[in-house]
Amino acid sequence: MSKLNLGFVGLSHLGLSYLAASAQKKYRVIGVDTDKKKIDQLNKLKTVYKEPLLKETINRNKKKIIFTNRFEDLRKCQIVFLSEDVSTDEKGNSSYKKINKLIKKTIKVLNKKAVMVILSQVIPGFTRKVKLDGQRLYYKVETLIFGDAIKRALNPERIIIGCKDPKKKINNSLNKYLSSFQSPILKMRYESAELAKISINMFLASTISTTNMLSNISSKISA
């Protein structure tokens, strides 16, 4: 078993999927969420998302997983991922109030050698404003596809990582974790990685729309 302890703050669909995948890769993981009801359900192995393989993967690796609402438990972790969903209103305006609050609470309990990695979709420039040493702060591009989240988390085509300075080496603990997935690692500035995530999600959304349109046309003309 790996000696690395990983933390996931914000047990969204994204957070739970990558927590489960990390446990499957034999990492010890701590899932933290402020929603006590969600924590209680997860401790009873009841997942709140209907994602294929999610419940099975968590159940299979339950000895390596802790679910809690205690941020203090993150002190044991060498890497902590922020995976909270960013809420958006009807007009498409995003609210960063909750994720900013979670970031502040997480930084307070991080041990001095730990790194923090933001997974949430944020506007370009967000990560650079976080008040944490740039050598301990990263942005990782994760694009969740419902119904295929676990497989994609375990077998990424590539790993895109945002850094303060892409010319410098990635933190040793984080590099060890990323390398375990045996995929190409692409380093870039925070802003480039943040924009990459938005761009990929826009592209995925457009392919779904195009597929649906072509399917409707095919039905109408019996193609």
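In this text the structure is predicted, and so the values were computed from the model without any measurement. The chain is numbered in sequence order, starting from 1.
For residues 122-137, every residue pair satisfying the salt bridge (Lys or Arg N to Asp or Glu O under 4.0 Å) rule, not counting sequence neighbours, is listed here: Arg128-Glu191.
Val29 is not listed as a side-chain neighbour of Asn5, based on a closest heavy-atom distance of 4.5 Å or more. Leu11 has its side chain within reach of Ile39: a pair of non-hydrogen atoms, C-beta onward, lies under 4.5 Å apart. In this structure the side chain of Arg152 never reaches within 4.5 angstrom of the side chain of Leu154, judged on heavy atoms. For the pair Arg70 and Val32, the minimum side-chain heavy-atom distance is 4.5 Å or more. When side chains are defined from C-beta on, Leu6 does not count as touching Val80, because their heavy atoms never get closer than 4.5 Å. Annotation: side chain of Asn69 is not in contact with side chain of Thr34 (no heavy-atom distance under 4.5 Å). In this structure, Glu51 and Thr47 have side chains that are not in contact, with every pair of non-hydrogen atoms separated by 4.5 Å or more. The shortest distance between side-chain heavy atoms of Thr106 and Leu82 falls below 4.5 Å.
Counting all heavy atoms, side chain and backbone alike, Leu42 lies closest to Phe67 at CB-CD1, 3.6 Å. Nearest heavy-atom pair, His13 versus Phe146, reported as atom, atom and distance to 0.1 Å: ND1-CE2, 2.6 Å. Nearest heavy-atom pair across Ile161 and Ile185 is CG2-CG2, 4.1 Å. Across every non-hydrogen atom of Gly125 and Glu194, the tightest pair is N-OE1, 2.6 Å. The two atoms that bring Ala153 and Tyr18 nearest to each other are CB-CE2, 3.3 Å, heavy atoms only. Of all heavy-atom pairs between Ala193 and Ile160, the closest is CB-CG2, 4.4 Å.
By the salt bridge (charged side-chain N to carboxylate O under 4.0 Å, His left out) test, Asp148 is found to be paired with no residue, residues two or more places apart in sequence or in another chain being considered. Scored by the salt bridge (charged side-chain N to carboxylate O under 4.0 Å, His left out) test, Glu90 finds no partners at all (sequence neighbours excluded). Residues satisfying the side chain to side chain donor-acceptor pair (under 3.5 Å) criterion with Tyr138, sequence neighbours excluded, are absent altogether. Taking Glu84 as the reference, Lys98 meet the salt bridge (charged side-chain N to carboxylate O under 4.0 Å, His left out) condition, with sequence neighbours excluded. With sequence neighbours excluded, the residues satisfying side chain to side chain donor-acceptor pair (under 3.5 Å) with Tyr177 are Ser22. Gln24 is linked by a side chain to side chain donor-acceptor pair (under 3.5 Å) to Arg60, Asn61, counting only residues two or more places apart in sequence or in another chain. Residues forming a side-chain contact (heavy atoms from CB on, under 4.5 Å) with Ser180 (at least two apart in sequence, or on another chain): Lys25, Tyr27.
Rounding to the nearest 0.5 angstrom, the gap separating the NZ atom in Lys36 from the CG atom in Asp33 is 12.5 Å. Rounding to the nearest 0.5 angstrom, the gap separating the CG atom in Asn43 from the OG1 atom in Thr68 is 8.0 Å. The structure places SG of Cys163 at 10.0 Å from CG of Leu137, a figure rounded to the nearest 0.5 Å. Within the model, atoms NZ of Lys38 and CG of Leu16 stand 6.5 Å from one another, a figure rounded to the nearest 0.5 Å. Separating the OG atom in Ser192 from the OH atom in Tyr139 is a distance of 12.0 Å, to the nearest 0.5 Å. Going from atom CG of Leu53 over to atom CG of Asn59 covers 12.5 Å, rounded to the nearest 0.5 Å.
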Which pairs would a plain distance check flag for residues 107-119, meaning a side-chain donor or acceptor within less than 3.5 Å of a matching protein atom at least two apart in sequence or in another chain?
{"residue": "Asn111", "atom": "OD1", "partner": "Lys113", "partner atom": "N", "Å": "2.9"}
{"residue": "Asn111", "atom": "OD1", "partner": "Ala114", "partner atom": "N", "Å": "2.9"}
{"residue": "Asn111", "atom": "ND2", "partner": "Arg75", "partner atom": "O", "Å": "3.1"}
{"residue": "Asn111", "atom": "ND2", "partner": "Cys77", "partner atom": "O", "Å": "2.9"}

Got a list of side-chain donor-acceptor pairs under 3.5 Å for residues 165-173, not counting sequence neighbours?
{"residue": "Asp165", "atom": "OD1", "partner": "Lys167", "partner atom": "N", "Å": "3.0"}
{"residue": "Asn171", "atom": "OD1", "partner": "Ser173", "partner atom": "N", "Å": "2.9"}
{"residue": "Asn171", "atom": "OD1", "partner": "Leu174", "partner atom": "N", "Å": "3.1"}

Just list the side-chain donor-acceptor pairs under 3.5 Å for residues 214-223, sequence neighbours left out, or say none.
{"residue": "Asn216", "atom": "ND2", "partner": "Asn212", "partner atom": "O", "Å": "3.3"}
{"residue": "Ser218", "atom": "OG", "partner": "Leu214", "partner atom": "O", "Å": "2.8"}
{"residue": "Ser219", "atom": "OG", "partner": "Ser215", "partner atom": "O", "Å": "3.1"}

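Looking at Asn201, Asp85, Thr143 one by one, the single match for side-chain hydrogen bond (donor to acceptor under 3.5 Å, both in side chains) with Gln121 turns out to be Asn201.
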- Steps toward side-chain contact (heavy atoms from CB on, under 4.5 Å) verdict (Phe81, Leu19): CA-CA 9 Å; Phe81 297 91; Leu19 176 150; over 6 Å; no

- Mind running side-chain contact (heavy atoms from CB on, under 4.5 Å) on Leu186 and Ile159 for me, showing each step along the way? CA-CA 6 Å; Leu186 308 179; Ile159 294 171; over 6 Å; no

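Environment of CD in Glu72: crowded, with over 12 heavy atoms of neighbouring residues, nucleotides or ligands closer than 6.0 Å. Taking a 6.0 Å sphere around NZ of Lys187, one finds it holds more than 12 heavy atoms contributed by other residues, nucleotides or ligands.
With hydrophobic clusters built from ILVMFWY side chains whose heavy atoms lie under 4.5 angstrom apart, Leu195 does not share a cluster with Tyr190.
Side chain of Ser183 to main chain of Phe181: a donor-acceptor pair is present (N/O by atom type, distance under 3.5 Å, no hydrogens or angles). Between the side chain of Ser12 and the backbone N or O of Ser83 there is at least one donor-acceptor pair closer than 3.5 Å.
Residue Met202 is found in a hydrophobic cluster whose other members, listed by chain and number, are Ile198; membership requires side-chain heavy atoms under 4.5 Å apart, directly or through intermediates.
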